Number of protein chains: 2
Amino acid sequence: MSQDLAPGAPAVSPDHPSPPATDLSPIADAVESAGAAGFVAVGDRFDDNLRYLSRFGGPDRAYAVVVTPDRAALTAPGLFDEQAQREFVDAAPDDGVAREVRTENQGDPAGVRAAAVLDDLAENKGDDDSRTVLTPANIPHDAALYLEDAGYELSSTTAVADARLTKTEAELACLRRVQAVTCRGMARAEAVLAAAEPDGDGLLFEGDPLTTERLRREVDAEMARHGIRSAGNTVIGAGPSAADLHFTGIDHIAPGETVLLDISPRGPHGYYGDLTRTFVVGSDGGWERRAFVAVEAAHEEALETVEAGVTAGTVHEEAAAELTAHGFRIDSSEVGFTHGVGHGVGVSLHEGPSLRADAPLEAGTVVTIEPGVYDPDTGGVRIEDLVAVTEDGDERLATYPVRFTPVASE
Amino acid sequence: MSQDLAPGAPAVSPDHPSPPATDLSPIADAVESAGAAGFVAVGDRFDDNLRYLSRFGGPDRAYAVVVTPDRAALTAPGLFDEQAQREFVDAAPDDGVAREVRTENQGDPAGVRAAAVLDDLAENKGDDDSRTVLTPANIPHDAALYLEDAGYELSSTTAVADARLTKTEAELACLRRVQAVTCRGMARAEAVLAAAEPDGDGLLFEGDPLTTERLRREVDAEMARHGIRSAGNTVIGAGPSAADLHFTGIDHIAPGETVLLDISPRGPHGYYGDLTRTFVVGSDGGWERRAFVAVEAAHEEALETVEAGVTAGTVHEEAAAELTAHGFRIDSSEVGFTHGVGHGVGVSLHEGPSLRADAPLEAGTVVTIEPGVYDPDTGGVRIEDLVAVTEDGDERLATYPVRFTPVASE
């Protein structure tokens with residue numbers, strides 16, 4: 001089945017890249033240098049730290065990953081033994097941390113199982129009698145209490161978030177393909193907008209009033225055809241609703257309005273794409289045109305600024321300076337440039353590094369660059385790309401044209 | 001754009017139903033009867049309790065809901081003030097609990113903000129000086145510590161899970177539409193299978209070898225066209241991989257193999273569908289035919305058994321008895337009937353009630369009925385429907401034919 005797409009969308013391979021393997025040695029090292037018995041994370045399939053640590057696509061009930069200086073265990077939930085073995089053990093890299101799946105006591109709470117496995121792993125390796133256990137700060141409270149009941153003292157660690165900051169080549173391959181499919185979703189939306197016809201106060205597409213929801217379905221279906229799923233945040237606004245940063249509702253689209261599409265789908269391995277474009281059908285060259293010119297310039301300026309060693313906050317400041325020069329405010333939470341210039345992306349849609357931080361950007365981090373300006377009475381314009389920071393600049397993870405007036409398929 | 005669908009899929013309305021409103025009075029009552037200062041839940045958009053309590057489609061960073069006997073507050077994350085107001089306050093029902101959105105201190109951790117709001121709400125209403133706060137057992141540990149630092153003593157409650165058990169008419173409307181779209185995804189898969197042609201050891205579709213991944217993309221794209229998204233668990237197995245209860249990988253599909261499709265998408269309001277069918281292209285009438293006949297009989301028997309007042313475990317036992325009568329094992333974790341007969345579905349894919357429990361089923365609960373039998377060397381057969389328990393039986397939330405040999409579009 002063929003779909004009309006606007007020109008310039010990248011080709012995509014039919015296949016998903018191989019799942020990335022996680023090097024657990026930074027976690028093992030954190031355990032070792034803290035003199036702790038181990039590290040424990042507890043959560044379900046929606047916990048991105050667990051996804052990263054285990055590469056296990058588990059169920060919607062809690063399981064645990066336990067890491068000691070040289071061993072790691074996943075407490076497989078009932079009915080998930082084989083999948084856990086395949087994803088956590090068989091696919092593990094050679095990082096000096098021996099993986100195993102533990103299947104005993106599947107009826108017990110995940111925290112109880114984690115404490116028992118930690119006892120066992122620490123004992124087996126003839127460790128000292130440290131009773132400190134490192135955990136993410138947001139470990140479920142019941143799991144924390146079970147660990148304390150077993151005699152452990154909890155100490156929170158940022159080791160997982162730190163390890164996630166810099167992406168491996170395998171992670172970049174996942175991100176590139178998700179982003180390329182995201183571009184194809186955008187190309188479908190652009191083609192629909194280009195084919196839409198003004199009819200009174202609205203636009204018509206295939207005989208029906210064109211809404212943000214219809215556009216959303218077209219985008220999401222195009223991405224699904226390539227095996228990438230909407231993560232429930234295909235943000236599409238039109239006119240005033242384009243000034244709402246997270247609009248996923250239903251709005252009729254009118255000629256002359258900014259149509260802002262911010263598409264953030266998720267691949268089968270958990271990695272996100274993130275792409276924003278803004279189009280106007282039948283502009284009369286007012287606010288929306290000025291806003292577009294300003295945001296396009298800020299977007300280019302910010303991208304020019306990105307490279308390893310540059311202070312992350314500098315990227316934000318460069319975008320803000322460009323928007324100021326074009327006459328837009330940067331000091332309000334409602335009008336003008338109201339948000340940060342970007343954020344890290346990986347197995348979470350929003351993760352490190354922060355682009356407001358004073359720390360220098362590191363090569364291998366992946367960030368969005370997404371300046372925008374908004375007027376709640378009129379509309380919003382945002383342009384966003386996803387880039388990997390490199391030693392001398394950045395790699396756009398996929399490219400898509402920046403156009404004000406939507407273009408139909410070639 | 002039209003797609004071939006197998007016959008029998010239900011029509012679906014183009015529009016999503018109105019979002020359900022949550023009656024918070026059971027939570028307020030739990031606070032009152034515990035003599036507690038309030039109830040606090042903390043989490044992000046992936047926390048289904050928070051989704052249920054707030055109807056807020058928040059971001060992937062933590063926020064909190066605080067409930068006292070007559071007031072409730074949502075601590076809006078930065079950049080989400082208006083959306084929180086719209087979804088939590090403006091859409092609230094008349095349940096005697098006054099809603100408000102709190103926007104102060106957005107830079108503080110969610111647990112710190114929750115403690116401050118709880119202090120404020122308790123003080124405003126001239127409550128006694130109770131310092132007990134009810135929370136779900138899995139509240140993030142850092143939030144629990146912040147509440148304790150503020151002088152509260154935590155007590156875990158199942159009040160939210162209990163409230164979620166019985167669905168309102170508005171929730172049923174969401175579940176019905178998601179399940180109807182799920183049926184259309186299944187109808188697309190069945191049409192593809194019916195159109196596939198044996199070619200040596202495999203099946204060809206539109207000139208390419210047919211894989212589980214291709215089928216998955218066809219299903220997910222069809223659902224996306226109706227505004228319903230894959231939740232990352234469109235389970236499709238063929239032959240031995242059909243015996244893997246959670247197979248989301250890539251497998252070539254051969255003639256004579258069981259092709260098992262378990263489709264569990266999620267609607268924009270968070271409610272899940274859940275439907276399983278098993279097809280065979282070019283069966284020679286071996287194990288797969290016997291398994292299908294047995295599972296179809298067990299599925300019908302279990303559905304016959306469902307009604308308010310029947311012990312939930314009885315439904316499981318009736319299905320198991322039918323499978324035993326057909327010569328399949330029910331005592332193994334690998335061969336035969338290896339899992340429970342079903343589970344509750346709502347804003348989580350797996351929630352209460354348990355179908356192994358001794359407690360009677362209640363009218364208004366929504367459960368899957370999904371017996372299956374498996375042979376890891378050969379394949380798997382499962383048939384699943386989603387039903388609401390009623391006083392005198394059940395309502396199938398959407399209907400889809402049960403067929404062994406796939407049928408093309410009419």
Side-chain angles (χ1 to χ4, degrees), chain A residues 1 3 15-16 42 44-48 57 59-62 78-83 109 135-145 154 156 213 216-227 229-234 244-248 250 266 268 270 333 338-339 348-351, chain B residues 1 3 15-16 42 44-48 57 59-62 78-83 109 135-145 154 156 213 216-227 229-234 244-248 250 266 268 270 333 338-339 348-351:
Chain A
M1 165 188 43
Q3 279 290 317
D15 300 327
H16 299 298
V42 172
D44 64 13
R45 66 176 297 150
F46 300 107
D47 184 298
D48 297 333
D60 53 358
R61 52 203 154 92
L79 302 177
F80 279 82
D81 300 356
E82 285 174 36
Q83 184 180 340
T135 70
N138 67 346
I139 185 173
H141 187 52
D142 56 346
L145 295 182
L154 271 65
S156 79
E213 173 71 7
R216 185 176 299 119
R217 295 180 187 185
E218 295 283 342
V219 169
D220 290 349
E222 177 63 25
M223 297 192 296
R225 272 190 281 279
H226 297 282
R229 65 191 177 86
S230 160
N233 43 13
T234 300
D244 178 337
L245 298 182
H246 316 105
F247 187 75
T248 56
I250 303 174
R266 200 169 197 192
S333 64
T338 56
H339 54 72
S348 292
L349 178 55
H350 299 90
E351 61 181 45
Chain B
M1 162 189 44
Q3 280 290 318
D15 301 327
H16 300 297
V42 173
D44 65 13
R45 67 176 296 151
F46 300 107
D47 185 298
D48 297 333
D60 53 359
R61 51 203 155 90
L79 302 176
F80 280 81
D81 301 356
E82 286 174 36
Q83 183 180 339
T135 71
N138 68 346
I139 184 173
H141 187 52
D142 55 346
L145 295 182
L154 272 66
S156 77
E213 173 71 6
R216 184 177 299 117
R217 293 180 189 186
E218 295 283 341
V219 169
D220 290 349
E222 177 64 25
M223 297 191 296
R225 271 189 282 278
H226 297 281
R229 64 191 177 86
S230 159
N233 43 13
T234 301
D244 178 337
L245 297 183
H246 316 104
F247 187 75
T248 57
I250 303 175
R266 199 170 196 191
S333 64
T338 57
H339 54 73
S348 294
L349 177 55
H350 299 91
E351 60 181 46

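In this text, all values refer to a predicted model and were calculated from it rather than measured experimentally.
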With chain A, which of [options] has the greatest number of heavy-atom pairs at distances under 4.5 Å?
{"options": "Ala62(B), Ala137(B), Pro140(B)", "answer": "Ala137(B)"}
{"options": "Arg217(B), His16(B), Glu82(B), His350(B)", "answer": "Arg217(B)"}
{"options": "Gly78(B), Ser156(B), Ala231(B)", "answer": "Ala231(B)"}
{"options": "Leu79(B), Asp220(B), Leu154(B)", "answer": "Leu79(B)"}

Is there side-chain contact between Arg216(A) and Thr248(A), with at least one heavy-atom pair below 4.5 Å? yes
I need the minimum non-hydrogen distance between [X] and [Y], along with the two atoms involved.
{"X": "Pro268(B)", "Y": "Gly227(B)", "value": "CD-O, 3.9 Å"}
{"X": "Asp142(A)", "Y": "Asn138(B)", "value": "OD1-CA, 3.8 Å"}
{"X": "Arg45(A)", "Y": "Asn233(B)", "value": "NH1-ND2, 3.8 Å"}

Side chain, backbone, both or neither of [X] within contact of chain B (heavy atoms, under 4.5 Å):
{"X": "Leu145(A)", "answer": "neither"}
{"X": "Arg229(A)", "answer": "side chain"}
{"X": "Thr338(A)", "answer": "backbone"}

If the condition is side chain to side chain contact (heavy atoms under 4.5 Å, CB included), which residues does Pro59(A) pass it with, not counting sequence neighbours? Phe56(A), Arg61(A), Tyr63(A), Pro77(A), Phe80(A)
Across all chains, not counting sequence neighbours, the side chain to side chain contact (heavy atoms under 4.5 Å, CB included) partners of Asp48(B) are Arg164(B), Arg266(B), Val347(B), Ser348(B)
Shorter than 4.5 Å, heavy atoms on both sides: which option in Gly232(A), Ala144(A), Pro136(A), Gly57(A) has the most such pairs with chain B? Gly232(A)
Max heavy-atom pair count under 4.5 Å with chain B, selected residue of Gln83(A), Glu222(A), His246(A): His246(A)
Measuring from atom NE2 of His141(B) to atom CD1 of Ile139(B), what distance do you get when rounded to the nearest 0.5 angstrom? 11.0 Å
Non-hydrogen atoms of chain A under 4.5 Å away: do they reach the side chain of Ser230(B), the backbone, both or neither? both
Given that the side chain runs from C-beta out, which part of Leu245(B) has a heavy atom under 4.5 Å from chain A: side chain, backbone, both or neither? side chain
